[in-house]
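As the structure is a computational prediction, the values presented were derived from the model and not from experiment. Letters go in sequence order (proteins before strands), and every chain restarts at 1. Computed over heavy atoms, backbone and side chain alike; hydrogens, waters and symmetry mates excluded.
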Amino acid sequence: MRLATWNVNSVKQRMPRLLPWLDERRPDVVCLQETKLADDAFTALLGEELAGRGYEVALHGEAAWNGVAILSRVGLDDVVAGLGDDAPGFPHPEARAVSATCAGVRVTSVYVPNGRTPDSEHYRYKLAWLAALREQVAAAGSATSVVLGDINIAPADEDVFDPEAYVGQTHVTPPERAALAELEALGLHDVVRERWPGERVFTYWDYRAGMFHQDLGMRIDLVLAGDEVAARVRAAWIDRQARKGKGPSDHAPVIVDLDEAPDGDIGPVVPPPSAPAARRGAKKLPQAP
DNA sequence: ATGGCTGAGTTGCTCAGA
């Protein structure tokens, strides 16, 4: 099963990049952020294109800002928009999280608040929002959960092109990193960093001043997988191709491939009748209920 | 030189992003 997350920075503007990318990478589950569309506008724009590719869609959007979605062609159950009734919002509730169960995995697509500056109310909101996210993941059970999205925190200094350039800025402050560490302490693995220890791997590059072409970026889009999901990771990488060329988002997608679950929804793997085990009448394989 | 792009609505400008 292939999971992906992508901050598209306006799904309307990104249509000419998103649809070919879906056809090329063929992800089974896609978490989108910064869709910047109300749900009815999203459906009017993309509903048929996505249905034609076999995707069911869970939306939590609003006009102009924020907005998250999950696309799945392996099932989409128990959809929950947001982080609960008393989730923090500043200045009002914002569309920043949506969850669904896809092939037995509890998937949450998140767009963590930016925080703007460390002395701002937006920053305090960011920390409160992260605490609410942690509560929701804890309640769902972390082992079969995966949180994917624009976390808006660089986990460590190696996740920014120049730590000196970020002193005093959001995304790198100790309280933000502590909030991320508390989330991970539920048992979530940063699967891209675990796959590429010590490597220079970024997911975001400012549009300005040729930052992408100089590879001056940050790693702020993460896939945080619970123990059972993390144990199935076969590949985890950042799709830099999608940041190149005409009309890209300023974020690149992150793609994670999982082995089939031991008790996956695809059913047990049984040999065909002509297989040696069947002909020999060897040990019976476990049967599905 | 806190700018440099890009996107959206309050458009011919402002705000936000990170």
Side-chain angles (χ1 to χ4, degrees), chain A residues 5-18 21 32-42 44-46 59-69 89-97 109-127 129-130 148-177 179-180 200-222 238 240 242-254:
Chain A
T5 180
W6 194 5
N7 179 325
V8 291
N9 186 19
S10 171
V11 74
K12 185 176 179 181
Q13 295 303 318
R14 218 57 60 211
M15 285 268 287
R17 300 295 301 255
L18 175 62
W21 178 83
L32 300 176
Q33 300 87 37
E34 285 207 82
T35 56
K36 299 187 177 180
L37 279 183
D39 294 349
D40 53 355
F42 187 110
L45 182 72
L46 272 159
L59 296 173
H60 186 36
E62 60 188 270
W65 301 110
N66 312 308
V68 287
F90 180 78
H92 6 264
E94 298 179 304
R96 294 184 176 274
S109 175
V110 299
Y111 176 45
V112 175
N114 172 291
R116 301 196 190 178
T117 58
D119 59 355
S120 70
E121 190 64 29
H122 294 275
Y123 180 86
R124 292 186 282 279
Y125 164 46
K126 180 177 191 173
L127 296 179
W129 196 93
L130 286 161
L148 310 87
D150 180 352
I151 303 292
N152 267 326
I153 299 167
D157 282 354
E158 65 180 342
D159 297 309
V160 298
F161 74 89
D162 178 11
E164 293 297 319
Y166 288 92
V167 171
Q169 308 287 322
T170 58
H171 296 65
V172 302
T173 66
E176 288 165 90
R177 287 177 170 170
L180 174 58
R200 182 184 180 96
V201 282
F202 299 140
T203 66
Y204 162 85
W205 301 261
D206 197 301
Y207 282 123
R208 296 169 292 185
M211 297 288 272
F212 176 70
H213 300 288
Q214 299 169 77
D215 196 23
L216 304 179
M218 314 173 74
R219 192 175 70 92
I220 55 178
D221 301 86
L222 308 180
I238 294 155
R240 287 176 50 92
R243 181 64 178 78
K244 299 179 181 177
K246 183 176 166 56
S249 171
D250 44 2
H251 295 250
V254 182

Would you say a side-chain N or O of [X] is under 4.0 Å from OP1 or OP2 of [N]?
| X | N | answer |
| --- | --- | --- |
| Arg116(A) | dA18(B) | no |
| Asn114(A) | dA18(B) | yes |
| Tyr166(A) | dT2(B) | no |
| Ser10(A) | dA8(B) | yes |
| Asn9(A) | dG7(B) | no |
| His171(A) | dG17(B) | no |
| Arg208(A) | dT2(B) | no |

From dT2(B), dA16(B), dA18(B), pick the nucleotide closest to the side chain of Gln169(A)?
dT2(B)
Between dA18(B), dG4(B), dG9(B), spot the one nearest the side chain of Ala63(A), thanks.
dG9(B)
For the [atom1] atoms, the ones on [N] and on [M], what distance do you get once it is rounded to whole angstrom?
| N | M | atom1 | result |
| --- | --- | --- | --- |
| dT14(B) | dG4(B) | P | 13 Å |
| dT6(B) | dT11(B) | C1' | 15 Å |
| dT10(B) | dC15(B) | C1' | 9 Å |
| dC13(B) | dA1(B) | C1' | 22 Å |

Whole-Å gap separating [atom2] ([N]) and [atom1] ([X]):
| X | N | atom1 | atom2 | answer |
| --- | --- | --- | --- | --- |
| Leu45(A) | dA8(B) | CG | P | 11 Å |
| Gln13(A) | dA8(B) | CD | P | 4 Å |
| Met211(A) | dC5(B) | CE | C1' | 11 Å |
| Ile151(A) | dG17(B) | CD1 | P | 16 Å |
| Arg17(A) | dT6(B) | CZ | P | 12 Å |
| Asp206(A) | dG7(B) | CG | C1' | 14 Å |
| Lys36(A) | dG7(B) | NZ | C1' | 5 Å |
| Asn66(A) | dG9(B) | CG | P | 12 Å |

5'-most contact on DNA chain B (nearest-nucleotide basis), Pro248(A) vs Glu34(A), goes to Pro248(A)
How would you label the contact of [X] with the nucleic acid (heavy atoms, under 4.0 Å): base, sugar-phosphate, or nothing?
| X | answer |
| --- | --- |
| Tyr111(A) | sugar-phosphate |
| His122(A) | nothing |
| Asp221(A) | nothing |
| Asn152(A) | sugar-phosphate |

Working for salt bridge (charged side-chain N to carboxylate O under 4.0 Å, His left out), residues Arg96(A) and Asp150(A)
CA-CA 10 Å; Arg96(A) 294 184 176 274; Asp150(A) 180 352; over 6 Å; no
Looking at Gln214(A), I want to see if its CD is surrounded by more than 12 non-hydrogen atoms of other residues, nucleotides or ligands under 6.0 Å.
yes
CH2-NE2 distance between Trp205(A) and His213(A), expressed to the nearest 0.5 angstrom:
11.0 Å
Spatial distance of atom OG (Ser249(A)) from atom OH (Tyr204(A)) [nearest 0.5 Å]:
9.5 Å
Audit row: Ile220(A), His251(A), side-chain contact (heavy atoms from CB on, under 4.5 Å) steps and yes/no:
CA-CA 9 Å; Ile220(A) 55 178; His251(A) 295 250; 3.8 Å; yes
Aromatic contact between Phe161(A) and Tyr166(A), with the criterion being ring centroids under 6.0 Å apart: yes or no?
yes
